[in-house]
Amino acid sequence: DAGVIQSPRHEVTEMGQEVTLRCKPISGHNSLFWYRQTMMRGLELLIYFNNNVPIDDSGMPEDRFSAKMPNASFSTLKIQPSEPRDSAVYFCASSLLLGMGTGELFFGEGSRLTVL
Amino acid sequence: DQQVKQNSPSLSVQEGRISILNCDYTNSMFDYFLWYKKYPAEGPTFLISISSIKDKNEDGRFTVFLNKSAKHLSLHIVPSQPGDSAVYFCAALLNFGNEKLTFGTGTRLTIIP
């Protein structure tokens, strides 16, 4: 079975450029999460969707960040314009919420972003 | 402000001995706690969890202990094996049924053969 698929795995870009990260959740999962991993803050939740609807975006750092989930099998995280401090590993995760969320998320392999 | 804290960035343990990873939290409303394990260039994977109504949960070599009065939980791995070398993240759920996980900063565990 395919897990959560993220692309690109690595992205190197220059400050000011637009970055788009992509995620395909596990088929049948109805919740999708975007996390960012940094040394200082560990794994931070940026936003999560349930049934394609954004539920909590309080972790999105600022207006430069936006996320969409146009359908159940695809989501994007966009940074425009990108800044060096956005350099991090971005993880997408999905889960099947059966009315009793247990925190058992399935993570993709991550997208490592470097902004020069 | 970090609501879930892992104060030890790294830990080295001899193979066969016990590994103890610690985690502290500040929000007494957290209802459910989890440990995730992460290998390099991979995403975190779920390891073990515990509900706030329990003080211990065991799964094979892994045991999680919860001390609610101290707002502290720990993960014990016995015996430690080389394949356990990874980064371990502690995480907490605000209430059962909510999927907003709050993670700590992680502890890198190295098992020395």
Side-chain angles (χ1 to χ4, degrees), chain A residues 2-10 21 23-26 29-51 53-60 88-112, chain B residues 1-10 21-27 30-54 57 59 64 66 73 86-108:
Chain A
V4 175
I5 299 171
Q6 291 187 244
S7 65
R9 292 294 311 277
H10 302 273
L21 307 178
C23 175
K24 177 179 167 56
I26 292 172
H29 281 190
N30 57 4
S31 292
L32 182 140
F33 306 77
W34 283 100
Y35 280 88
R36 175 171 69 176
Q37 183 190 5
T38 61
M39 288 295 292
M40 291 299 295
R41 301 180 68 85
L43 281 163
E44 299 176 272
L45 177 65
L46 301 177
I47 185 171
Y48 86 90
F49 298 83
N50 184 247
N51 292 323
V53 175
I55 302 300
D56 188 331
D57 66 354
S58 59
M60 295 287 262
V89 181
Y90 291 81
F91 287 101
C92 177
S94 70
S95 74
L96 180 60
L97 176 61
L98 300 171
M100 298 282 277
T102 59
E104 293 183 32
L105 307 182
F106 294 82
F107 283 83
E109 294 183 317
S111 294
R112 180 176 293 277
Chain B
D1 59 336
Q2 199 80 12
Q3 294 191 67
V4 178
K5 302 178 184 178
Q6 295 176 258
N7 293 317
S8 298
S10 63
L21 296 97
N22 294 304
C23 177
D24 297 295
Y25 60 94
T26 57
N27 191 338
F30 282 136
D31 206 33
Y32 205 73
F33 302 90
L34 304 93
W35 286 92
Y36 276 76
K37 177 179 180 179
K38 184 185 178 305
Y39 292 119
E42 294 184 11
T45 55
F46 169 75
L47 185 59
I48 191 170
S49 62
I50 187 168
S51 165
S52 61
I53 62 173
K54 296 186 176 180
N57 187 27
D59 183 2
V64 56
L66 175 63
L73 67 156
V87 176
Y88 290 79
F89 289 97
C90 171
L93 269 177
L94 197 57
N95 55 67
F96 201 57
N98 184 320
E99 292 192 291
K100 187 175 177 178
L101 269 180
T102 301
F103 282 88
T105 51
T107 296
R108 181 178 300 278

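All chains are named by letter (A, B, ...) in the order of the sequence lines, taking the proteins before the strands, and each is independently numbered beginning at 1.
- For chain A, no part of F33(B) is nearby; none of its heavy atoms comes within less than 4.5 Å.
- For the atom pair CG of L73(B) and OH of Y25(B), the computed distance is 7.0 Å after rounding to the nearest 0.5 Å.
- Ranked by heavy-atom pairs shorter than 4.5 Å toward chain A, the options A41(B), G106(B), G104(B) are led by A41(B).
- Across D57(A), D56(A), L105(A), a single residue satisfies side chain to side chain contact (heavy atoms under 4.5 Å, CB included) together with Y48(A), and that is D56(A).
- With sequence neighbours excluded, no residue forms a side chain to side chain donor-acceptor pair (under 3.5 Å) with N57(B).
- Proximity to chain B (any heavy atom under 4.5 Å) is shown, for F106(A), by neither the backbone nor the side chain.
- For a residue to count as touching a neighbouring chain, one of its non-hydrogen atoms must lie under 4.5 Å from one of that chain's; by this rule R9(A) touches chain B with the side chain only.
- For L45(A), the part lying near chain B is the side chain, with the backbone staying farther off; criterion is any non-hydrogen pair under 4.5 Å.
- When heavy atoms are compared at a cutoff of 4.5 Å, Q37(A) approaches chain B solely by way of its side chain, counted from C-beta outward.
- With sequence neighbours left out, N27(B) forms a side chain to side chain contact (heavy atoms under 4.5 Å, CB included) with Q3(B), M29(B), F30(B), L94(B).
- Under the 3.5 Å distance criterion, the side-chain polar atoms of T38(A) are left unmatched by any main-chain donor or acceptor of A88(A).
- Proximity to chain B is limited to the side chain of S58(A), based on heavy atoms less than 4.5 angstrom apart.
- With contacts defined as side-chain heavy-atom distances shorter than 4.5 Å, the pair C92(A)/L32(A) qualifies.
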